[in-house]
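Contents: one structure, followed by commentary.
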Amino acid sequence: MSVNVIFGSDGGATKAVASRIAKHTHGRAIDIKSATAADFENCTLLILGAPTYGAGDLQVDWEANIDKLAKASLAGKKVALFGTGDQIGYPESFVDAMGILYEHVVERGAIVVGFTDTAGYDYTASKAERDGRFVGLALDQDTQSSKTEKRITEWVSRLV
Ligand SMILES: Cc1cc2nc3c(=O)[nH]c(=O)nc-3n(C[C@H](O)[C@H](O)[C@H](O)COP(=O)(O)O)c2cc1C
């Protein structure tokens, strides 16, 4: 199995998490700024990750490069998502960007794997929820970083 982990990151938290996920999956972490359409397509499992900024917006490099995702051929492709956020500081829009990525890949025909339970988090609203579950792995490096390693390990074990 070949894994590409494509991420955007302002402050470095998501970049660091992407590297950890790449290590666990024996995959490659690629910044969306330098990613090509082929990076989205030439892997058996595509993992996309973004922090949320503003009041529930996609990270700026993802916004600037969203056409790469929009142009990629993802029909039938296995895709997993992760999002970084801050549930104490932004409880009304916790990891919303993961929900935005979800809409994009579903629109492109991808098969999204790796939904997770919302138990263990404390927030009021998230665009990354579907039917009471997160559409991917929600990570909070601001207030729950001690839980991250276990969350990654459990999630990855279901993906690969
Ligand atoms: C101005 C600002 C707005 C933010 N807005 C949100 C938000 O709406 N929802 C959320 O879950 N996290 C929000 N965050 C938290 C970041 O997503 C979180 O710190 C993330 O780990 C940053 O990732 P990065 O270091 O890779 O950029 C915000 C942070 C800042 C500084």
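Values below: all heavy atoms of this structure, side chains included; hydrogens, waters and symmetry mates excluded. Each ligand, and each atom within it, is numbered from 1 in the order the structure gives.
- Below 4.0 Å from some heavy atom of Phe94 lie the following atoms of ligand 1, by number and element: 11 (O).
- Asp96 does not count as a contact of ligand 1, since none of its heavy atoms falls under 4.0 Å from the ligand.
- With no hydrogens or angles considered, a side-chain donor-acceptor pair links Thr143 and Asp140 at under 3.5 Å.
- Remark: ligand 1 and Lys15 share no N or O pair separated by less than 3.5 Å (distance only, no angle test).
- Protein heavy atom closest to atom 10 (C) of ligand 1, with residue, atom name and distance, is Asp86 N, 3.5 Å.
- The protein heavy atom nearest to atom 18 (C) of ligand 1 is Asp142 OD2, 3.2 Å.
- At the shortest separation from atom 22 (C) of ligand 1 among protein heavy atoms lies Tyr53 OH, 3.4 Å.
- With respect to atom 17 (O) of ligand 1, the closest heavy atom belonging to the protein is Thr52 O, 2.7 Å.
- Residue Gly56 has at least one heavy-atom neighbour below 4.0 Å for each of these atoms of ligand 1: 8 (O).
- The N/O atoms of Ala55, backbone and side chain alike, include none that comes under 3.5 Å of an N/O atom in ligand 1.
- The protein atom (non-hydrogen) at minimum distance from atom 5 (N) of ligand 1 is Gly54 O, 3.1 Å.
- Distances below 4.0 Å separate heavy atoms of Pro51 from the following atoms of ligand 1: 17 (O), 20 (C), 22 (C), 23 (O), 26 (O), 27 (O).
- Side-chain contact between Arg130 and Phe115 is present, with heavy atoms from C-beta onward closer than 4.5 Å.
- Taking 4.0 Å as the cut-off between side-chain N and carboxylate O, Lys127 and Glu103 do not count as a salt-bridged pair.
- Taking 4.5 Å as the limit, some side-chain heavy atom of Thr44 sits within range of a side-chain heavy atom of Ser2.
- Of all atoms in ligand 1, listed by their number and element, those nearer than 4.0 Å to a heavy atom of Ser93 are 7 (C), 8 (O), 9 (N), 10 (C), 11 (O).
- Counting heavy atoms from C-beta outward, Asp142 and Tyr90 have side chains that stay 4.5 Å or more apart.
- Below 4.0 Å from some heavy atom of Gly85 lie the following atoms of ligand 1, by number and element: 10 (C), 11 (O), 12 (N), 17 (O).
- A donor-acceptor pair shorter than 3.5 Å cannot be found between the side chains of Tyr53 and Glu63.
- Residues Tyr123 and Glu129 have side chains in contact (heavy-atom distance under 4.5 Å, counting atoms from C-beta outward).
- Counting all heavy atoms, side chain and backbone alike, Gly56 lies closest to Ile100 at O-CD1, 3.5 Å.
- Shortest contact from atom 25 (O) of ligand 1 to any protein heavy atom: Ala13 N, 2.9 Å.
- Each of the following atoms of ligand 1 lies closer than 4.0 Å to a heavy atom of Thr14: 23 (O), 24 (P), 26 (O).
- Here the protein heavy atom with the shortest distance to atom 28 (C) of ligand 1 is Tyr90 CE1, 3.2 Å.
- Of all the heavy atoms of Val95, the ones lying under 4.0 Å from any atom of ligand 1 belong exclusively to the backbone.
- Phe134 and Tyr121 have perpendicular rings, their planes meeting at more than 60° on a 0 to 90° scale where under 30° would count as parallel.
- A search for side chain to side chain donor-acceptor pair (under 3.5 Å) contacts involving Lys68 returns Asn65, not counting sequence neighbours.
- Remark: Ser157 engages no residue in a side chain to side chain contact (heavy atoms under 4.5 Å, CB included) (not counting sequence neighbours).
- Every atom of ligand 1 with a heavy atom of Asp10 under 4.0 Å away is listed here by number and element: 24 (P), 26 (O), 27 (O).
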